[in-house]
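Reading through the C-alpha cells given below for one structure.
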2 protein chains.
Amino acid sequence: MMDERKQRILQAIIDDYISSAEPVGSRTIARKYDLGVSPATIRNEMADLEMLGYLEQIHTSSGRIPSSKGYRFYVDGLLPQQPLSDKEKVLIDKWYQARVKRIEEVFQETARIISRVTKNVSLVLAPQLTQAAFRCLQFLPLDARRAIAVLMTDAGFVENKIIAIPSGAAFEDFQRMARVINQCLAGQTLDAIHPDTLQRIRDEIMDEELYEAALEVIYRSLDTEKKERLYLGGTTQLLNQPEFHDVEKVKEILLMLEEEQLLKDILHAHLGEGLSVTIGCENKYSGIQDCSIVTATYHLDGELLGTIAVLGPTRMEYGKAMTLLGYMNNHLADIIKKFRW
Amino acid sequence: MMDERKQRILQAIIDDYISSAEPVGSRTIARKYDLGVSPATIRNEMADLEMLGYLEQIHTSSGRIPSSKGYRFYVDGLLPQQPLSDKEKVLIDKWYQARVKRIEEVFQETARIISRVTKNVSLVLAPQLTQAAFRCLQFLPLDARRAIAVLMTDAGFVENKIIAIPSGAAFEDFQRMARVINQCLAGQTLDAIHPDTLQRIRDEIMDEELYEAALEVIYRSLDTEKKERLYLGGTTQLLNQPEFHDVEKVKEILLMLEEEQLLKDILHAHLGEGLSVTIGCENKYSGIQDCSIVTATYHLDGELLGTIAVLGPTRMEYGKAMTLLGYMNNHLADIIKKFRW
DNA sequence: GTTAGCACTCCGAATCAGTGAGTGCTAACA
DNA sequence: TGTTAGCACTCACTGATTCGGAGTGCTAAC
C-alpha cells in the first residue's frame, strides 16, 4: 500500500514543495530527483498518494501539494537528517555570550536565535516563578514609612516591591520577620507553601499586622510574576513566506500573535511532551490551521522549566526546526545554570 | 494667493481624504461640504492649490491628494478642534487603574492606550535611569561569596545585581561602604557623578578592591539600564490602513519598527520640542517618507522624562493624535508621580 | 468672478483568446 | 504485470481589448 517507491516519491514531493512553495508536478519530480522512473509512473503513484490522503490538488491539472497527513508521515519517518553544523553551534554560543548579561535576557535572545535560524516565528515560554524555590527575602529601609522587599528564587530571579511599614512597627521588626521567613521557607517552591508553614511563621512573628504585610509581599510578588513570560521572535519573518502574501492572512496571524494568553495555552498543551510537532489542521485553534508548530520543553536537573517553539506555515523546514530546538533544549539548561546560584 | 476660500477647500479636501483614503474630486467636495460654490469653481481652486504645491495628482483625471506641504499647512492652521471627550478620559483613567501595578508597566500600557485610541502605531520612550537621581544603594547577603546590590532611583526604579564579595572582605565592609556611598551620592544624577565625589568615596572606603567592586555595581547597573526603554504598541493597526495593503510596504515598515535604535533616534530628534508633527517627506528616514509622526515630550516637575509618539500614514487624524498626546503628556506625569517616593 | 457644458484622459473591471504546465487515460511495450 | 509514450483535456495565468465612470481642463455664457 505504501511501498518504498511511494515513500520516496512523497518525500521528493514534500522536499520540493517546502523549498519552492509551488504545487509540484510529476515531470518536476522525474527531472530533479533521480528516481529512475518516468513522469507517467510518478503520475500514477501521485494519484495513489492522493487517494491515500497524503497529497492534495487545488484543481485538476494543477500539481500536488502535501496534505497535513502527508506532512505527518513525512515528519514521522521521511525527515532528512540535517544536524546543526559546528559553525552554527559556535554562532549560537557567541550570540549568547555577547548579548546575555542577566537571566531575563536569556529568553528574549533565545527567541531571536530561533527565529533567525529557522526563518520563522519563535516562541519562548520562560519558567514560572512559582516553580522556582524560595531562596531568601530581605527588607531594605527606604524612609520612615516604607521599605523595599527583595525576594530571590533559586532560578536566579530577583523580584522587588515597595511596601509600607505598618504604623507602630519598627524596621527592626521587619528584620526579625525576614529571619523567621527565611528559616521557614528555605527551599520551598513558592506556589505550594504548606499551611502549617504559614502557621509557624505566624506564631513566630506574633504580630498580626506584620504578618499580613509579609504575606502580602510574598503573594503580590508571586502574583505579578507567576504568569510565566512569553517571548516572541521574528514575527516579520512571516511576511517573507509566500503563503502570507495576502494582507488579510497576515493580519489574522499577527493579531493572534498579540494574544499572549492564547499562545501560552497552545504551548501549554505540549508541555512535557519533549519534541512535538503539530501540523496544520491538527491544530485546535482555527487561526493557525495552515501553520505548524514545533515545540520542545526544556529541563534543568530534571525539573521542567519551560517551552520553546517554532511557528510557521505547514510548508516548514521541519528537520531544521526540530534539530535546532533539540539543540537549544540542552543548551538552554547550560545557559540558565550559569545564572543559578 | 491663499485666500479664505482656498483654505476652506484645502481643509475640506484633506478632511475628506483622511477619512476616505481616496483621491478626492471637485464634485465630492461640492456635494459633501457646503461651500456655496459649484464643482467648476472648486476645480479652478484645486488647480491653483496644486500649482502652489498643496495638492498632488496621481495622473490627469484623477482626484487630488494632499502633499506633505498640504498636510503641513493643514496641521499648522486648519486643524478641526476635537478635544478628548470626558468619556474617553474616564476610559483612559480606568485603563491605567486596572492594569498598572508597577512603574515599568506604565509605559507599556501608555503605548497600548495611544495605539487603541489613534488606531495607529504608538511609541513610548521611557525615562533614562541616567537622568534619575540616585536614591540609595544597599547590599544584601546571599552566601559567603556573593551579595545582591540593590540600587534605587528617585523615579521609582529599583535595579538589582548579584555581585561577588572580594575574598578577604567581610559583608560588614559592604555595609560600611553602602553608608559611605549613600552619603556621598544622595540626590546626584547617575550619569554625572563628579570625580571629586568618587575620590571622596575612595578615600573613605580605604580599600581599593572594595572600591572597585562598588564602582562596578554602580556602573554596570547603570550600563544595563541607561539605554532608555522603548515600548511599541499597535503595530498590527498598520494592516488596517489601505496604504498598507501591499505586503512589501508592510514588511518594510515592520522591519523598521524592529530596529529599536533607529526608532529611538527618531524620537530623540524631537526631544524637548513639546508637541511636534513630522509629515511625510519631512522625515529624514527613507522608510517612513509616506508616514507622519506626532511626538510629545513629557515632564515631571520641570524635568524632561521621555517622549510619546504616534506613527501612521500621512493620511492620519492629526487632530486626534495631537489632542491625545497632549492629554497623555500631562496625565503621565500624574501617573508617574504615584510611583515616585 | 462663477458656472454649465463638453471633450478628453485615464483607471479599473470585465471579457476573451492563447499559452503552458499539468493531469488522466489508453494502448503499446518489456 | 508494471512501465512508458502519446494524446486529449483542464485550468490558471497573461496580455490585449473594450467599456463605463469619475474626474479634469477649457471655453463660452451668465
Side-chain angles (χ1 to χ4, degrees), chain A residues 1-10 12-17 19-67 70 242-243 245-246, chain B residues 1-10 12-17 19-67 70 242-243 245-246:
Chain A
M1 194 168 199
M2 190 63 177
D3 58 26
E4 174 72 19
R5 192 175 65 186
K6 274 197 183 52
Q7 292 188 20
R8 283 235 301 285
I9 292 177
L10 180 59
I13 291 172
I14 297 184
D15 282 343
D16 199 79
Y17 184 68
S19 69
S20 75
E22 306 263 305
V24 4
S26 54
R27 176 199 288 257
T28 316
I29 295 303
R31 212 181 324 116
K32 286 210 242 174
Y33 301 82
D34 198 20
L35 298 173
V37 286
S38 75
T41 309
I42 292 172
R43 270 205 296 284
N44 289 332
E45 298 286 43
M46 282 168 89
D48 289 357
L49 285 168
E50 188 178 350
M51 283 293 148
L52 294 168
Y54 296 106
L55 295 178
E56 285 170 359
Q57 217 172 4
I58 301 297
H59 56 87
T60 24
S61 91
S62 84
R64 305 299 210 294
I65 62 173
S67 67
E243 28 271 278
H245 263 337
D246 174 29
Chain B
M1 191 171 203
M2 190 64 178
D3 58 26
E4 173 72 20
R5 192 173 66 183
K6 274 197 183 49
Q7 291 189 20
R8 283 236 301 283
I9 291 176
L10 180 59
I13 291 172
I14 298 185
D15 281 344
D16 199 79
Y17 184 67
S19 68
S20 75
E22 307 263 306
V24 1
S26 54
R27 175 199 288 259
T28 316
I29 295 301
R31 211 179 329 112
K32 286 210 242 172
Y33 301 83
D34 198 18
L35 297 174
V37 288
S38 76
T41 308
I42 293 173
R43 269 204 298 283
N44 291 332
E45 298 285 42
M46 283 168 88
D48 290 356
L49 286 168
E50 188 177 350
M51 283 293 148
L52 293 169
Y54 296 106
L55 294 180
E56 284 169 1
Q57 216 173 5
I58 302 298
H59 54 88
T60 27
S61 91
S62 85
R64 304 300 208 295
I65 62 173
S67 67
E243 27 271 278
H245 263 337
D246 174 29

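Since we're looking at a predicted model, the values are computed, not measured. Every chain is numbered from 1, with letters handed out A, B, ... down the list of sequences.
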Roughly how many Å is it from [atom1] in [X] to [atom2] in [N], rounded to a whole number?
X     : N      : atom1 : atom2 : answer
B:D3  : C:dG1  : CG    : P     : 11 Å
A:R31 : C:dA21 : CZ    : C1'   : 10 Å
A:R43 : C:dA21 : CZ    : P     : 14 Å
A:R5  : D:dT4  : CZ    : C1'   : 11 Å
A:I65 : C:dT23 : CD1   : C1'   : 16 Å
A:I42 : C:dT23 : CD1   : P     : 10 Å

Original post:
When rounded to the nearest 0.5 angstrom, what distance separates CD1 in A:I42 from CZ in A:R8?
Top reply: 10.0 Å

Original post:
To the nearest 0.5 Å, what is the distance between CD1 (A:I9) and CZ (A:R43)?
Top reply: 12.0 Å

Original post:
Would you say the side chain of B:R27 and the base of D:dG23 hold a donor-acceptor pair, judged only by whether the two atoms sit under 3.5 Å apart?
Top reply: no

Original post:
Out of C:dT3, D:dG23, C:dT23, which has the shortest distance to the side chain of A:R64?
Top reply: C:dT23

Original post:
Among the nucleotides D:dT24, D:dT4, C:dG22, which one has an atom lying closest to any side-chain atom of A:T28?
Top reply: C:dG22

Original post:
Hey, which of these two, A:S38 or B:G25, hits DNA chain D nearer its 5' end, going by closest nucleotide?
Top reply: A:S38

[X] and [Y]: which non-hydrogen atoms are nearest, and at how many Å?
X     : Y     : result
A:Q57 : A:S61 : NE2-N, 3.8 Å
A:M2  : A:Q7  : O-NE2, 3.4 Å
A:M46 : A:L55 : O-CD1, 4.1 Å
B:G53 : B:S67 : O-OG, 2.6 Å
A:I13 : A:R64 : CG2-O, 4.5 Å
B:Y17 : B:P66 : CD2-CD, 3.4 Å

Hunt down the Watson-Crick or G-U wobble partner of [N], both distances under 3.5 Å, from any strand shown, or write none.
N      : result
D:dC26 : C:dG5
D:dT17 : C:dA14
C:dA30 : D:dT1

Show each protein N/O and nucleotides 10-14 of chain C N/O combination with a separation under 3.5 Å, one pair to a line.
unit_1	atom_1	unit_2	atom_2	d
C:dC10	OP1	B:T60	OG1	3.2
C:dC10	O4'	B:S61	OG	3.2
C:dC10	O3'	B:H59	ND1	3.4

Subject >> Side-chain H-bond candidate by donor/acceptor type, A:Y33 with A:D16, under 3.5 Å >> reply: yes

Subject >> Members of residues 44-54 of chain B that approach DNA chain D, where some heavy atom sits under 4.0 Å away >> reply: B:M46

**OP:** Considering just the side-chain nitrogens and oxygens of B:T41, establish if one lies under 4.0 Å of OP1 or OP2 belonging to C:dT3.
**Re:** yes

